[in-house]
Each structure stands twice: as structure tokens, then as C-alpha cells.
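So the structure is just underneath, and the comments pick up after that.
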2 protein chains.
Amino acid sequence: MKNIQLHIEVNSGLYLKNPDTSDLGRKIICQSIKMINELGFESFTFKKLGVQIDSPESSIYRYFENKHTLLIYLVSWYWSWIEYLLVFSTMNIDSSSEKLERSIKVLTEPILEKYPTTYIDEELLNQIIIKESVKAYHTVDVDDENKKGYFKTYKKVVQRVSELVLEVNPKYKFPHMLISTVIEGAHQQNYFAQHLPTLTDVTEGKNNVSEFYTNMVNKVIV
Amino acid sequence: MKNIQLHIEVNSGLYLKNPDTSDLGRKIICQSIKMINELGFESFTFKKLGVQIDSPESSIYRYFENKHTLLIYLVSWYWSWIEYLLVFSTMNIDSSSEKLERSIKVLTEPILEKYPTTYIDEELLNQIIIKESVKAYHTVDVDDENKKGYFKTYKKVVQRVSELVLEVNPKYKFPHMLISTVIEGAHQQNYFAQHLPTLTDVTEGKNNVSEFYTNMVNKVIV
DNA sequence: AAAAAACGATAGTAATACTATTACTTTTGT
DNA sequence: ACAAAAGTAATAGTATTACTATCGTTTTTT
């Protein structure tokens with residue numbers, strides 16, 4: 001897997017110039033992931049990013065309309081990447097329930113391994129998803145941006161795993177609700193574990209979040 | 001029934017002057033709920049609010065440090081109010097599982113009734129919780145604000161219902177995870193139903209969200 | 001070698017999120 | 001009833017943010 005060239009695709013409406021095609025573009029992506037993590041999305045600005053990559057603010061605006069579309073770009077990239085993980089982790093597995101279980105694991109376990117295939121630090125990006133991704137679609141412009149296809153990679157992941165749910169139990173009524181609850185819930189619980197622990201039941205060392213949602217899916221769909 | 005507050009009270013650190021004690025303060029709360037709904041939290045400003053209530057921006061700053069603490073105030077007020085609903089809806093019910101079921105209903109069904117007891121429009125406030133409440137605690141200052149007790153009313157609600165879960169099944173390992181997943185999930189699903197429907201399985205007329213989570217809780221805790 | 005694209009440097013603007021000051025008005029405590 | 005305290009209006013001002021515009025230079029493509 002480490003030597004495979006992944007073709008991660010994001011909606012071309014998300015950028016003015018594809019950051020993947022130039023050195024400056026890749027620096028923008030790479031450094032913005034670090035800075036959004038350090039500063040939080042609100043305090044992150046193109047001006048500060050420009051200082052770090054030693055390029056003027058205006059050059060960044062040639063790639064992204066604003067920091068909000070940059071965030072959606074990162075979120076979109078993440079889900080496209082997750083789809084690869086889902087495909088790889090269920091490859092050559094016959095049993096649908098085994099495929100589902102492995103998929104839930106991918107969606108709920110923290111990203112720890114380094115996959116040095118790209119210039120993007122997926123572990124850090126995962127932290128951005130946990131902390132900031134709700135801000136990507138909790139805006140006044142959701143409907144408009146949804147129409148433009150900005151959230152397609154996320155919806156594809158939910159769709160893919162929902163289909164596995166239906167393979168296991170074709171009569172189950174709420175596969176999409178179940179999977180989006182698992183995905184969003186797992187992020188939420190990881191966030192709570194870090195900042196509002198009384199809202200969770202995390203015990204040190206054990207990955208209770210993954211255990212909880214795996215158990216939940218198994219019990220709910222039978 | 002545990003120590004329940006008789007008045008809806010929010011942490012006094014959330015305001016500089018209690019908005020409940022003056023005409024201007026109540027106008028600030030009442031109008032800000034309307035405006036955050038209309039404009040979205042990002043586009044809502046104290047300046048615009050001042051124009052609407054015909055008071056200068058600086059007067060609003062005498063009540064709230066900034067719009068972020070105002071949002072936490074509203075969220076906090078909401079959960080304090082929800083706790084009342086929980087208490088009322090489980091009053092005189094003997095069966096723990098019946099109490100739990102009624103509580104889940106309160107947490108997952110949309111607020112539609114008008115309670116004209118206060119100057120606050122709870123239905124509109126519920127919409128703010130659905131759309132904007134994640135922004136109240138997804139910030140760099142969470143840990144600090146958590147220490148100050150800003151999220152206490154929310155944590156109390158989760159704690160109360162988690163205890164009901166344990167009454168039904170004392171051996172269940174993840175009561176807090178379950179309840180916070182239900183609460184956050186229900187908001188999320190209502191939001192998705194409005195804006196990203198492919199992530200849900202909503203059918204017109206029926207409240208599938210409540211059905212889904214009620215079913216989920218019942219299956220998970222046995 | 002010429003044309004096109006990308007980039008750096010600099011400047012500028014409207015809006016945001018506040019802070020500060022002063023003076024007038026209302027509430028309150030005795 | 002009256003002074004003190006508290007609350008409010010009006011106005012002004014600041015640093016930062018989120019952009020937009022221009023222009024000359026460098027780099028890449030053909």
C-alpha cells in the first residue's frame with residue numbers, strides 16, 4: 001500500500017488553481033494543516049500562513065478564494081483518502097458483515113500510522129476533521145455549496161458503508177442515519193475525550209470509542 | 001429526582017451584567033436569537049444587533065464580553081430549560097425504562113410547541129442549538145471555558161439521562177457515550193435532513209430521527 | 001525566442017471586533 | 001426628597017481581518 005500512487009480527487013470548484021500542481025500550492029496545503037491545528041480555524045489567517053511559507057497573502061488567494069473553501073478542500077481530500085482506506089481494508093474479504101466491521105474500524109479508530117505517500121500529514125489532518133470539520137458545513141452557504149458538489153466525497157463514504165449495512169440486513173430502515181451517526185459520533189467522542197471527558201466513558205489505553213460504535217452497529221442492524 | 005434548579009440559571013461568568021434583570025438585557029437576548037437564526041452566527045454582529053434594538057453597540061458590550069460568550073449563554077440557557085422538560089416528562093413515572101424512553105423523546109423530537117412563559121422563543125433557540133451549538137465548544141478556549149463551568153448545564157443533562165440508562169442496565173459500560181451520541185446525533189440528523197439529506201433516511205411527515213435513536217438505545221443497552 | 005503563466009512586492013479598502021470617554025437619565029437607598 | 005450609584009446614549013478611535021488591485025519580474029511552456 002505504501003508504494004501505490006493514490007489519486008485523490010477533490011471538486012475542482014474548491015480551488016482557483018490546483019494546489020497539487022505546484023510547489024507553492026503544496027506548501028500552502030502542508031503548512032495550513034499544521035497551522036489550523038496549532039491556531040484553530042478561527043485564528044488561522046492567510047496572512048499568517050503567508051509569513052510561514054514566506055509568500056505574500058495575495059499569492060495564496062490565487063489558489064483559494066478564502067480560508068473557508070480551503071477548509072472544505074482539506075475535508076474533501078480527507079474523505080477521498082478515507083475511501084481508499086475503506087477499499088483496501090475490505091479487499092478480498094467475502095463476508096459482508098466482516099467487511100462492515102472492518103469499515104467501522106476505519107471510521108472510528110484514530111489515524112495513527114504515517115502513510116508517507118503524500119506531502120500531507122494524515123494524522124494531523126484527522127485532528128482537523130475532529131476539531132474543525134463541523135465548521136465546513138455549518139454555514140449559511142451549505143445549500144449552495146452542496147449543490148456545487150463540495151461535500152461529495154463525504155457523501156460517497158457514507159453511501160458506500162450504508163450499502164454494506166444493507167448487504168448485512170437488506171431490511172434495515174436507516175442505514176445512512178446509522179453510518180453518519182457513527183462517523184460524526186466517533187469524531188465527537190474523540191473530541192469530548194480530549195476536552196469534555198465527562199461526556200464520554202473513556203478509560204486510558206483502551207479504544208472505547210471504536211468498541212462502542214462497533215457494538216452499536218452490530219446490535220442495531222440485527 | 002435530584003437537585004433541580006427552580007429557575008433557569010446560567011453560569012454568572014457568562015455575562016458582565018445579567019440580561020435577565022433589565023429591559024435592554026431581555027431585548028438583547030430576544031433579538032439575538034432571532035438574528036443568529038436569520039444571519040447565521042458568523043454574520044451576526046453586535047453592531048447589527050444594536051441597530052435592531054435601537055441601542056449602541058457599546059451598550060451590548062456591557063452585558064456580554066463578545067458574541068461567543070453570548071452564544072454559550074444561549075446554549076447554557078437551553079440545556080437548563082431542557083432539564084425542566086426532562087423532569088416534567090418523567091414525573092410520576094415508576095418504570096425506569098419508561099422514564100428513559102420519555103427522556104430520549106425529549107432529546108430527539110423537535111421543539112415545536114410554544115411556551116409563552118418567557119421572553120425567549122424556545123423553538124427558534126432549538127434551531128440555534130441544531131445549527132450553531134457546535135461552535136460553542138469547538139474553539140481553542142474550550143478547556144479554559146470548561147474549567148470555568150460554562151458547559152455545566154449540558155453536562156448535567158447528559159449525566160441525568162446516563163443515570164437512567166444505568167437504572168435500566170447497571171452493567172452497561174458506556175452510558176455517557178450513548179447519551180451524548182444520541183443528543184449530538186439527533187441535532188446532526190435534523191441538520192442533515194434540512195441541508196444534506198443524502199446523509200439521512202428521512203421520509204416526509206414521519207419523525208424518523210426520534211424513532212431511530214429510541215430504537216438504538218433500546219437495542220444497545222440490553 | 002516569444003508568449004503565457006506564476007509569483008513577489010506593495011498598496012489600499014470596507015468591515016469587524018472591540019475600547020474609551022463623556023454626558024445625560026433613571027433607579028436606589030436613606 | 002435628594003444625593004449617590006448605576007445604566008444608557010452618543011461619539012470617536014484602533015488593530016485586525018478579509019479581501020482586491022496593480023505592476024514588474026521570474027519561470028515555464030511551446
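Order of the sequence lines fixes the chain letters, A, B, ..., with proteins taken first and strands second; residue numbering starts at 1 for each chain. Just so it is clear, the structure is predicted and the values come from calculations on it, not from any experiment.
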Using a 4.5 Å cut-off on heavy atoms from C-beta on, say whether the side chain of [Y] contacts that of [X].
X	Y	answer
B:Y84	B:I8	yes
A:T200	B:H176	no
B:K135	B:L71	yes
B:T198	A:Q159	no

Contact nearer the 5' end of DNA chain D, comparing B:L24 with A:N66: B:L24
Name the residue closer to the 5' end of DNA chain D, choosing between A:F44 and B:S59 according to the nucleotide with the nearest heavy atom. B:S59
Taking 5' to 3' order, which nucleotide of DNA chain C is first and which is last to have an atom within less than 4.0 Å of a heavy atom in chain A? C:dA6 to C:dT10
Using whole Å, report how far [atom1] of [X] lies from [atom2] of [N].
X	N	atom1	atom2	result
B:R26	D:dT8	CZ	P	11 Å
A:I60	D:dT20	CD1	P	14 Å
A:Y61	D:dC19	OH	P	4 Å
B:F64	D:dT8	CZ	P	13 Å
A:E65	D:dT20	CD	C1'	13 Å
B:D54	D:dT8	CG	P	14 Å
A:R62	D:dA21	CZ	P	13 Å
B:L49	D:dT8	CG	P	14 Å

Taking the six-membered ring where the residue is Trp, are the ring centres of B:H187 and B:Y191 under 6.0 Å apart? no
Please state whether the phosphate of D:dG7, meaning OP1 or OP2, lies under 4.0 angstrom from any side-chain nitrogen or oxygen of B:Y63. no
Describe the nucleic acid contact of [X] in one word from base, sugar-phosphate, nothing, applying a heavy-atom distance below 4.0 Å.
X	answer
B:K67	sugar-phosphate
A:S58	base
A:E42	nothing

Anything under 3.5 Å between a donor and an acceptor, one on a side chain of residues 20-31 of chain B, the other on a protein residue two or more places apart or in another chain? List them.
{"unit_1": "B:D20", "atom_1": "OD1", "unit_2": "B:Y119", "atom_2": "OH", "d": "2.7"}
{"unit_1": "B:T21", "atom_1": "OG1", "unit_2": "B:N18", "atom_2": "O", "d": "2.7"}
{"unit_1": "B:S22", "atom_1": "OG", "unit_2": "B:G25", "atom_2": "N", "d": "3.0"}
{"unit_1": "B:S22", "atom_1": "OG", "unit_2": "B:Y63", "atom_2": "OH", "d": "2.5"}
{"unit_1": "B:R26", "atom_1": "NH1", "unit_2": "B:D20", "atom_2": "O", "d": "2.8"}

Salt bridge A:K148-A:D144, side-chain N to carboxylate O under 4.0 Å: yes
